[in-house]
S.K.: 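Handing you this structure, nothing more for now.
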Amino acid sequence: QAIIVNWEKKLSVSTNRVFVQKMKTKWGSCNPVAGNIRLNTDLAKKPPQCLEYILVHELLHLIEPSHNDRFIKLMGQVLPKWRSHRQLLNSLPVRNENWEY
C-alpha cells in the first residue's frame, strides 16, 4: 500500500479504490471515471519493478485515459525505464492453471 500512496503523491492523483484480484488476460486496469485501479494478483510473483510499472501505468490513466502520445510522454517522464520493465514482465513465464505440466 505504501507504493500506491507514494505514487499517488508523485503523480498528484488519488484512487477511490485499489483492487487486487486474479485476472486472466491483463496485468491491471483502470476506470478513470470511478477512480478505481485493479491489479493482477500474479504481479506479487514478479520482480518489484514490474509491479511498479503496472501501477504507474494504471495511475497515469487517471490523468490520460488512452494510450496516446501524451500518455507515452507521461510514462517516460515519471518512469524513464518503463519500456525495460514492460519487456521484463512480458518475458517472464506466466502460470496458467489450465496448462498441463
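Since this is a predicted model, take the numbers as computed values, not measurements. FYI, the numbering just counts along the sequence from 1.
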S.K.: What distance separates R86 CZ from W27 CH2, expressed to the nearest 0.5 Å?
M.R.: 14.0 Å
S.K.: Can you get from L39 to L88 by hopping between Ile, Leu, Val, Met, Phe, Trp and Tyr side chains that sit under 4.5 Å apart?
M.R.: no
S.K.: What about H67 and H57, are their ring centers closer than 6.0 Å?
M.R.: yes
S.K.: Is the terminal nitrogen or CZ of R38 (NZ for Lys, CZ for Arg) located under 6.0 angstrom from the six-membered ring centre of F19 and within 45° of that ring's axis?
M.R.: yes
S.K.: Measure the shortest side-chain to side-chain distance between N90 and Q87 over non-hydrogen atoms and say whether it is less than 4.5 angstrom.
M.R.: no
S.K.: Just do the side chain to side chain contact (heavy atoms under 4.5 Å, CB included) check on T41 and M23 with the steps written out, would you?
M.R.: CA-CA 7 Å; T41 55; M23 300 171 79; over 6 Å; no
S.K.: In the structure I gave you, are the side-chain heavy atoms of L79 and W7 within less than 4.5 Å of one another anywhere?
M.R.: yes
S.K.: Do M75 and L60 come within less than 4.5 Å of each other through their side chains, counting heavy atoms only?
M.R.: yes
S.K.: Would you give the length of the straight line joining atom CG of L43 to atom CG of L55, rounded to the nearest 0.5 angstrom?
M.R.: 9.5 Å
S.K.: Would I63 and I54 show up in the same hydrophobic cluster when neighbours are defined by side-chain heavy atoms closer than 4.5 Å?
M.R.: yes
S.K.: W82 versus I72: any side-chain heavy-atom pair under 4.5 Å?
M.R.: yes
S.K.: Look at the side chain of N31 and the backbone N and O of N36, then say whether any donor-acceptor pair between them is shorter than 3.5 Å.
M.R.: no
S.K.: Considering all heavy atoms of both residues, which atom of A34 and which atom of N16 are nearest to each other, and what is their separation?
M.R.: O-CB, 3.2 Å
S.K.: Does D69 CG have over 12 foreign heavy atoms under 6.0 Å away?
M.R.: no
S.K.: Just how far is it from atom CD1 of I4 to atom CD of E52, taken to the nearest 0.5 Å?
M.R.: 12.0 Å
S.K.: Run the side chain to side chain contact (heavy atoms under 4.5 Å, CB included) test on L51 and K46 for me, step by step, so that the C-alpha distance in whole Å, both residues' side-chain angles and the decisive distance to 0.1 Å come before the verdict.
M.R.: CA-CA 7 Å; L51 168 62; K46 306 301 180 195; over 6 Å; no
S.K.: Of K26, K24, K22, which meets salt bridge (charged side-chain N to carboxylate O under 4.0 Å, His left out) against D42?
M.R.: K22
S.K.: Please walk me through it: do E64 and N68 pass side chain to side chain contact (heavy atoms under 4.5 Å, CB included)?
M.R.: CA-CA 8 Å; E64 178 52 60; N68 61 17; 3.1 Å; yes
S.K.: Side chains of K10 and V78: does their closest heavy-atom pair fall under 4.5 Å?
M.R.: no
S.K.: For the CG atom of L62 and the OG atom of S12, what is their distance to the nearest 0.5 Å?
M.R.: 12.0 Å
S.K.: Can you check whether N40's main-chain N or O pairs, donor with acceptor, with Q21's side chain at less than 3.5 Å?
M.R.: no
S.K.: State, yes or no, whether a side-chain contact exists between S29 and H61 at a heavy-atom distance under 4.5 Å.
M.R.: no
